[in-house]
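Basis for what follows: all heavy atoms, side chains included, without hydrogens, waters or symmetry-related copies.
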Amino acid sequence: NIPDPDVRVPTIAFTVVRIQSGTIPPQVDIHHIGIRYGDFYAKRLIQTLGLAEQDGVVRVSMVHYNTLEECDHLIKVLDPIVSQ
């Protein structure tokens with residue numbers, strides 16, 4: 001089964017102004033959604049971008065077997081967290 005690159009969603013890394021990246025995954029984990037934060041072995045890049053003080057970036061990895069419903073659920077869970 002070969003993933004279709006036209007419908008595959010990549011890994012997404014983001015930060016939220018005024019919110020430490022390390023505080024976001026624990027709030028999402030309780031909804032049984034696994035996301036993580038940190039430098040992901042790109043320490044120099046994170047430092048150069050000035051993101052080390054913010055605990056790096058939050059990373060969401062979507063792959064070919066994630067459903068649209070799972071994506072919608074992630075958005076529903078993340079929205080109130082990042083809108084603080």
Side-chain angles (χ1 to χ4, degrees):
N1 196 14
I2 299 172
D4 183 349
D6 292 329
V7 295
R8 186 176 172 150
V9 179
T11 298
I12 302 163
F14 65 92
T15 60
V16 180
V17 176
R18 296 182 300 276
I19 298 178
Q20 290 293 109
S21 295
T23 65
I24 296 172
Q27 296 178 70
V28 176
D29 284 346
I30 61 174
H31 298 277
H32 306 289
I33 300 171
I35 65 172
R36 298 295 170 250
Y37 76 98
D39 61 32
F40 303 101
Y41 303 102
K43 187 177 275 310
R44 287 191 338 199
L45 174 62
I46 295 299
Q47 289 172 340
T48 300
L49 293 173
L51 299 173
E53 299 78 28
Q54 192 170 343
D55 294 333
V57 297
V58 177
R59 184 190 71 196
V60 177
S61 298
M62 307 300 272
V63 293
H64 59 280
Y65 55 76
N66 285 107
T67 66
L68 289 176
E69 291 79 15
E70 289 170 329
C71 296
D72 289 341
H73 184 59
L74 172 65
I75 293 167
K76 180 180 175 185
V77 168
L78 271 179
D79 188 46
I81 296 168
V82 300
S83 299
Q84 298 176 11

Exercise for the section: Tell me, please, which residues at least two apart from Gln47 pass side-chain hydrogen bond (donor to acceptor under 3.5 Å, both in side chains). Expected result: none
Problem - Between CZ on residue Phe14 and CG on residue Leu78, distance to nearest 0.5 Å - result: 5.0 Å
Tell me which donor-acceptor pairs under 3.5 Å the side chains of residues 26-34 have, and how far apart each pair is, sequence neighbours excluded?
residue	atom	partner	partner atom	Å
Gln27	NE2	Thr23	O	2.8
Asp29	OD1	Arg36	NH1	3.0
Asp29	OD2	Arg36	NH1	3.3

Exercise for the section: Sorted by first residue and then second, give each side chain to side chain donor-acceptor pair (under 3.5 Å) pair with at least one member in residues 71-80; sequence neighbours left out. Expected result: Asp79-Ser83
Practice task
Return each pair, listed once, that meets salt bridge (charged side-chain N to carboxylate O under 4.0 Å, His left out) where at least one residue sits in residues 49-68; pairs must be two or more places apart or across chains.
Solution key: none
Exercise for the section: Can you run down the salt bridge (charged side-chain N to carboxylate O under 4.0 Å, His left out) pairs that involve residues 13-27, sequence neighbours left out, and say none if there aren't any? Expected result: none
Fill in the blank from the handout: On a heavy-atom basis, the closest approach of Ile81 and Ile19 is O-CD1, 3.5 Å
Fill in the blank from the handout: Residues joined to Ile75 in its hydrophobic cluster, side chain to side chain under 4.5 Å directly or through other members, sorted by chain and number, are none
Practice task
Sorted by first residue and then second, give each salt bridge (charged side-chain N to carboxylate O under 4.0 Å, His left out) pair with at least one member in residues 38-47; sequence neighbours left out.
Solution key: Asp39-Lys43
Exercise for the section: Examine distances only and state if a side-chain atom of Ser21 and a backbone atom of Gln54 form a donor-acceptor pair shorter than 3.5 Å. Expected result: yes
Handout entry: Side-chain hydrophobic cluster, 4.5 Å single linkage: members besides Leu49
Key = Phe40, Leu45, Ile46, Leu51, Val57
Problem - Summary of salt bridge (charged side-chain N to carboxylate O under 4.0 Å, His left out) pairs that have at least one residue in residues 60-70, sequence neighbours excluded - result: none
